[in-house]
Amino acid sequence: MTGTLEVELKLELDPGDRSRLDLIDLFGAGGATDHLVTTYFDTPGGDMRNAGCALRIRQQGEARVQTIKAAKDKATGLFTRTEWSRAVTGDRPVLDATSGPFGPALRAIGVDRLTPQIVSDFHRTHGLIGRDGGEIEWAVDDGAIRAGGSVAPLCEIELELRRGPPGLLFDLAHRIADRLPVRIAVISKAERGYRLLDQTAGSPARAEPVALDRGATVAAAFPAIAHACLRQFRLNEPLVLAAGEAEPVHQARVALRRLRTALWLHRPLFAGDPQAASLDTELRWLTARLGEVRNLDALIPRADPDLGERLRAAREQALAALQADLASARARLAMIQVVEWLTVGAWRTQPQDPALLAETIVPFAADALDALRKRLKRRGKRLAGLGSKKRHKVRITAKKLRYASEFFAMLFPSPKAARRQAAFRDAVSALQDCLGELNDLDLERRVLERVGIDPGKRHLHRKRRAKLLRHAEHAYDELIAAKRFWRGQAISA
């Protein structure tokens, strides 16, 4: 049995585009095709998944190989996981002293409790390509995944680095993207199956906790945060393209706003980097396009029947434009470029401040949260009397503070910090809710005019605005009074 470190870049292709997948000439002459059937084992309660690993038996002809993979170390597009493989003779898992560091946990679960939960059945065309002194193993998987009585099509391109720098993977990915409408993949085959089992494959994806270790460096924490945001976006993107319902649109927009906040928080790492600025421009563009649909979604529930009908018609047009943008090469390449920059960008290869990269994340996070809180405290004074532009700045700062507090939450796990986190989260959410509704009222006239509807006096909402301002000022006071969960002891406001 062997333990190896595997670095893969995964790309997804719509099964409807499978006929365009003529890649042999791109990868070079040759390439073999195999029929693979992979069975993933777990208990009905998901003990394997909860233990942070995946156990599978892959059948190729008469041969069977059992593999145990560490499943939690995942990132958008790039999958860096430790795995242990061994040959087996039957269709049942074998757990013994050669099961790697997961052995004790797996034996505690019990081999007799493991049953087949997911099956991936696909044809794999694969080969090796040498580039610039390195070597990449490529594979095209075409088939389906079955779990819980449901079936999902599968069409993936996997690029595994066998030798050489990770940049080689992206060079090849760009060559593929020039030929095919591929997208960065964010989930493994096992996770696809679990989403079928859980019946969550078609559900909007909300932000997930970011698993950061207190001993992690800033260089390790930043891409982990960014990948979590990209993952949320990519899980919602297919739902926006397929049906464009309000919640996936909202969550996709939230994901990009969180990603832009992550870039803003860590800007000392790449100040002056033109590629970072270019990527932020692309993210701003996509966020704005999602926002055009989201703004209409915010107005429709409050509209009377006649206005509502006209707004829904405007939304259909805005959604069609959004879907065209998401389907464009520009949007697809932007996500690949973000992952590439996070992996091999100048901020890593030619850092301006190597000491900052090597700094542990806890003091960096605490300082960032302090700075945001200080900015919010300054900008939010006498909130009820602020004009719409200054109030908008308060809203943006509050949003950044909330996202930052969520990014860094797991760095402060003590019971006292957890209690403070809950109170802080409630306070910042209350402020965001009030400021968000005020922003919707301010946007109403501009949105209606943009879609060719006379706003009349609907934009005034004087009584509602006055009430929201009072509530916002109270929420601001509560937030400033809330104790800072990122500090070891109470600090006066």
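Residue numbers start at 1 and run along the sequence shown.
- Between Arg260 and Glu282, no side-chain nitrogen of the basic residue sits less than 4.0 Å from a carboxylate oxygen of the acidic one, so the salt-bridge criterion is not met.
- In the model, His174 has a side-chain atom that pairs as donor or acceptor with a side-chain atom of Glu340 under 3.5 Å.
- By the 4.0 Å N-to-carboxylate-O rule, Arg302 lies close enough to Glu444 to be salt-bridged with it.
- Heavy atoms of other residues, nucleotides or ligands lying less than 6.0 angstrom from CD of Glu247 number more than 12.
- A salt bridge links Arg464 to Glu437: one of the charged nitrogens lies within less than 4.0 Å of a carboxylate oxygen.
- For Arg310, the side-chain contact (heavy atoms from CB on, under 4.5 Å) partners two or more places apart in sequence, or in a different chain, are Asp306, Ile453.
- For the residue pair Thr397 and Arg379, a side-chain donor N or O sits within less than 3.5 Å of a side-chain acceptor on the partner.
- Residue Trp486 is tested with Phe364, Phe408, Phe407, Phe424 for a ring pair (Phe, Tyr, Trp, His ring centres under 6.0 Å); the sole match is Phe424.
- Between the side chains of Arg402 and Gln432, at least one donor-acceptor pair of N or O atoms lies under 3.5 Å.
- No side-chain N or O of Gln232 forms a donor-acceptor pair with one of Glu208 less than 3.5 Å apart.
- In this model, no donor atom of one side chain and acceptor atom of the other lie less than 3.5 Å apart for Trp285 and Asp325.
- With respect to Asp42 and Arg56, no salt bridge is recorded, no charged nitrogen being found less than 4.0 Å from a carboxylate O.
- By the neighbour-count criterion of 12 heavy atoms within 6.0 Å, atom CZ of Arg267 is densely surrounded, having more than that number from other residues, nucleotides or ligands.
- Aromatic ring pairs are classed by plane angle as parallel below 30°, tilted from 30° to 60° and perpendicular above 60°; the pair Trp341 and Trp347 is tilted.
- Within a 6.0 Å radius of CD in Glu309, other residues, nucleotides and ligands contribute 12 heavy atoms or fewer.
- Salt-bridge annotation for Arg234 and Glu12: present, with a side-chain N of the basic residue lying under 4.0 Å from a carboxylate O of the acidic one.
- Residue pairs meeting the ring pair (Phe, Tyr, Trp, His ring centres under 6.0 Å) criterion with at least one partner in residues 242-264, sequence neighbours excluded, are absent.
- For the pair Glu237 and Arg183, the salt-bridge criterion is met [side-chain N within less than 4.0 Å of a carboxylate O].
- Counting heavy-atom neighbours within 6.0 Å of Arg330 CZ, excluding the residue itself, gives a total above 12.
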